[in-house]
Amino acid sequence: MEEPRRRPSVPRWLFWVIGAAAVLVAGAVAMTAIVVFDRVGTKLAPPSSSVVALPRDAEPVPLGGRELCGIRLVIYAETDEAMRAIAQALREEPKARRVLTETKKEAYERFKKLFANDQELVRLTGPDVLPAVVHLLPVAGTDFPALADQLRRRFPEAQKVDVLDPAAIVAKMTVTPPPCPPEGER
């Protein structure tokens, strides 16, 4: 009679190695899936989901020493009175998050600081040359060009209504300023 054939025994350590490899492969597959789905989800998310909604307070306040660094609308007026009237009208504008004002005198004082190294330019420029200004920081998700067009029609007394995008100016600079916070002012 023939003896039954014995199967060769598999060392126990081999089971551990195979088990550990299976766990590592499963972890790698799971991580890859997470990364892929995260990237797909990010691409599919609407752009407004990354915009920070900041509190709205459109009560006009003087610009003062604030440094505005975010995109904004700038409304130029020939007189301080016209600027104040525009600023007051913007209190009820639903797309206005903040309204900051700058009189002709305040604009000139800021101008003198900005161009302190060019005394000839400062000497040739008087406070009457510069306009009074309303800086409007819009609510998140605002279509800036459309709002600028709307304000041009609404305020024909304004000398000019511009979209001011400091990021476009900074992109042309050789020195990089500090990042602008979400509220658009430092």
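Shown here for A132 and M83, the closest heavy-atom pair between the two residues is CB-CB, 3.5 Å. When all heavy atoms of P94 and V139 are compared, the closest pair comes out as O-CG1, 3.8 Å. P131 and Q159 get closest at one heavy-atom pair: CB-OE1, 3.3 Å.
With hydrophobic clusters built from ILVMFWY side chains whose heavy atoms lie under 4.5 angstrom apart, I75 shares a cluster with V99. Under a hydrophobic clustering in which Ile, Leu, Val, Met, Phe, Trp and Tyr are joined whenever their side-chain heavy atoms come within less than 4.5 Å, directly or via other members, V122 and L114 fall into the same cluster. A chain of hydrophobic side-chain contacts below 4.5 Å, direct or via other Ile, Leu, Val, Met, Phe, Trp or Tyr residues, connects V163 to V134.
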Side chain to side chain contact (heavy atoms under 4.5 Å, CB included) between T103 and R84: does it pass, once the steps are laid out? CA-CA 9 Å; T103 65; R84 286 186 188 98; 3.6 Å; yes
After noting the C-alpha distance and the side-chain angles of L63 and E106, does the key distance pass the side chain to side chain contact (heavy atoms under 4.5 Å, CB included) rule? CA-CA 9 Å; L63 178 64; E106 292 165 341; 6.0 Å; no
Under the side chain to side chain contact (heavy atoms under 4.5 Å, CB included) criterion, do L164 and L73 qualify, and how do the steps go? CA-CA 6 Å; L164 185 62; L73 289 157; over 6 Å; no
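Atom CZ of residue F144 and atom CD1 of residue I71 lie 4.5 Å apart, to the nearest 0.5 angstrom. Remark: R98 CZ to E59 CD distance equals 11.0 Å, nearest 0.5 Å. Between K104 atom NZ and E109 atom CD the span is 14.0 Å, to the nearest 0.5 Å. Atom OG1 in T142 sits 10.5 Å away from atom CG in L137 (nearest 0.5 Å). Residue E93 holds its CD atom at 13.0 Å from CD1 of I86, rounded to the nearest 0.5 Å. The CZ atom of F115 sits 14.0 Å away from the CD atom of E120 when rounded to the nearest 0.5 Å.
Side chain of R91 to backbone of Q88: no donor-acceptor contact under 3.5 angstrom is found. Remark: side-chain polar atoms of R154 are paired, donor with acceptor, to backbone N or O of A89 under 3.5 angstrom.
Summarising the local packing, CD of Q150 is surrounded by more than 12 heavy atoms from other residues, nucleotides or ligands at distances under 6.0 Å.
Taking the six-membered ring where tryptophan is involved, the planes of Y108 and F111 are essentially parallel, since the angle between them stays under 30° and well short of 60°.
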